[in-house]
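To start, the structure under review is shown below, and the notes come after it.
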Amino acid sequence: MANILPKSFYDRRTIDVATDLLGKFLCRKIGRNTYKGRIVEVEAYLGAKDLACHTSKGKTPRNEVMFGPPGHAYVYFIYGMYHCFNVVTEKEGNPCAILIRALEPIDEIRKFRNCDTRLISKFPGFPISDPSTTCGNNENKSSKNLHGKSIYNMLNGPAKLCRELMIDRKLNGWDLTSGKQLWIEKGETIRSGRIKKSKRIGVDYAGNWKDRLLRFYIKNNEYISKE
DNA sequence: GGTATGATGGGC
DNA sequence: CCCATCATACCC
């Protein structure tokens, strides 16, 4: 597939990769089907010197993927119940990554959420496929399925998008350029005027790094985790 | 919008 | 003990 982002995309300065990831498509293949979400919010983690980055305390079994080559997935388990998905950037040995914080669901994923019940029997517990949802072409911001979930509230957080797309530690280290199971495709390039910056979320422990503006999101997008 | 709290368990 | 989260409660 020609649209898969190549290794060279990730082998650059982390902040540049982070802003360039906005507007690209995260793709997850499960069974015969592929589900895609548009990346709308990310955070950059700048390696050993960055006190908010897991690698600031050195190499451990958990974070060793970040020390490897760019273009691989760094997936970690947090708070006893959640996973977060990152892409590794920069040259091998410079342990940086970008946390994917929110996705905008696009047509396939919406259709699946609403209509496709075949996968449910194959993957019991797959959260995005809720048999109680109705087939909805008239969704609005307050539309909810029978479990009270809105399409606006399913992919707007790093742990929520992992839950919905069944991303867990089995995909830690996955080569995102292989075009199987999990990859990222070209989309639009978001001009800097459409990108907002803020402090990263949940890193108040990170000393003089906690206030750095390393969170990037698409201005006015409806699927952001937090304003 | 903000703050506070419990859930829940791997990592160091 | 800590934690790159989430859902819920409440606005002290």
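Below, read A as the first sequence line, B as the second, and so on, with proteins coming before strands; counting in each chain starts at 1.
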**Request:** Name the residue closer to the 5' end of DNA chain B, choosing between Arg169(A) and Tyr82(A) according to the nucleotide with the nearest heavy atom.
**Result:** Tyr82(A)
**Request:** Over all heavy atoms of both residues, which pair between Ala44(A) and Arg200(A) is shortest? Give the atoms and the distance, please.
**Result:** O-NH1, 3.0 Å
**Pair assignment for DNA chain B - dot-bracket with | for other-strand partners, Watson-Crick or G-U under 3.5 Å** = |||||||.|||.
**Item:** dA4(C) base stacked by Tyr76(A) (centroids within less than 5.5 Å, tilt under 30°)
**Value:** no
**Asked** Between CG of Leu213(A) and CD1 of Ile15(A), what distance do you get to the nearest 0.5 Å?
**Response** 10.0 Å
**Request:** Return the nearest nucleotide to the side chain of Lys160(A); candidates are dA7(C), dG1(B), dA4(C).
**Result:** dA7(C)
**Asked** Tell me: CD1 of Ile201(A) to P of dA4(C), nearest whole Å?
**Response** 13 Å
**Message:** Return the OG1 to CZ distance between Thr60(A) and Phe67(A), rounded to the nearest 0.5 Å.
**Reply:** 7.5 Å
**Item:** Spacing between Tyr152(A) atom OH and dA7(C) atom P, to the nearest angstrom
**Value:** 18 Å
**Message:** Could you measure the distance from the CZ atom of Arg212(A) to the CG atom of Leu51(A)? Nearest 0.5 Å is fine.
**Reply:** 10.5 Å
**Item:** Nearest-neighbour nucleotide for the Met66(A) side chain, dG10(B), dA4(C), dG2(B) considered
**Value:** dA4(C)
**Phosphate-side-chain proximity, Arg62(A) and dC3(C), N/O vs OP1/OP2 below 4.0 Å** = no
**Prompt:** Taking CG from Asn172(A) and P from dG10(B), how many angstroms apart are they, rounded to a whole number?
**Reply:** 16 Å
**Message:** Nearest to the Asn153(A) side chain among dA7(C), dC6(C), dA4(C), which nucleotide is it?
**Reply:** dA7(C)
**Whole angstrom value for the distance that separates P of dT5(C) from CG of Asp204(A)** = 11 Å
**Item:** Among dA4(C), dA7(C), dC12(B), the one nearest Asn86(A) by side-chain distance
**Value:** dA4(C)
**Asked** Glu164(A) has an atom CD; how far is it from atom C1' of dC6(C), in whole Å?
**Response** 13 Å
**Message:** Before you tell me yes or no, could you show the steps for Arg38(A) and Ile218(A) under side-chain contact (heavy atoms from CB on, under 4.5 Å), namely the whole-Å CA-CA distance, both residues' side-chain angles and the distance that decides it to 0.1 Å?
**Reply:** CA-CA 11 Å; Arg38(A) 182 169 170 258; Ile218(A) 298 178; 3.8 Å; yes
**Item:** Nearest-neighbour nucleotide for the Ile78(A) side chain, dG9(B), dA7(B), dC3(C) considered
**Value:** dC3(C)
**Asked** Which pairs with one or both residues in residues 88-103 of chain A pass side-chain hydrogen bond (donor to acceptor under 3.5 Å, both in side chains), sequence neighbours excluded?
**Response** Asp11(A)-Lys91(A), Thr14(A)-Thr89(A), Thr14(A)-Glu90(A), Glu41(A)-Arg101(A), Glu90(A)-Asn94(A), Arg101(A)-Ser225(A)
**Asked** Can you tell me how far C1' of dG10(B) sits from CG of Asn63(A), to the nearest Å?
**Response** 14 Å
**Request:** Using whole Å, report how far CE of Met81(A) lies from P of dG11(B).
**Result:** 16 Å
**Proximal nucleotide (of dA4(C), dA7(B), dC12(B)) relative to the Thr60(A) side chain** = dC12(B)
**Asked** Do any side-chain nitrogens or oxygens of Tyr205(A) fall under 4.0 Å of OP1 or OP2 in dA4(C)?
**Response** yes
**Asked** Looking at side-chain heavy atoms only, is the closest gap between Tyr76(A) and Asn172(A) below 4.5 Å?
**Response** no
**Message:** Whole angstroms only, please: what is the NZ-C1' distance between Lys199(A) and dA4(C)?
**Reply:** 16 Å
**Message:** For a quick check of understanding: with a heavy-atom distance under 4.0 Å over all strands, which category does Ala159(A) fall into, base, sugar-phosphate or nothing?
**Reply:** sugar-phosphate
**Request:** Any chance you could measure Lys196(A), atom NZ, to Glu227(A), atom CD, to the nearest 0.5 Å?
**Result:** 5.5 Å
**Message:** Quick test of the criterion, 5.5 Å between centres and less than 30° between planes. Is Tyr79(A) stacked on dT5(C) or not?
**Reply:** yes
**Request:** Using a cut-off of strictly less than 4.0 Å, decide whether Arg163(A) has a side-chain nitrogen or oxygen near OP1 or OP2 of dA7(C).
**Result:** yes
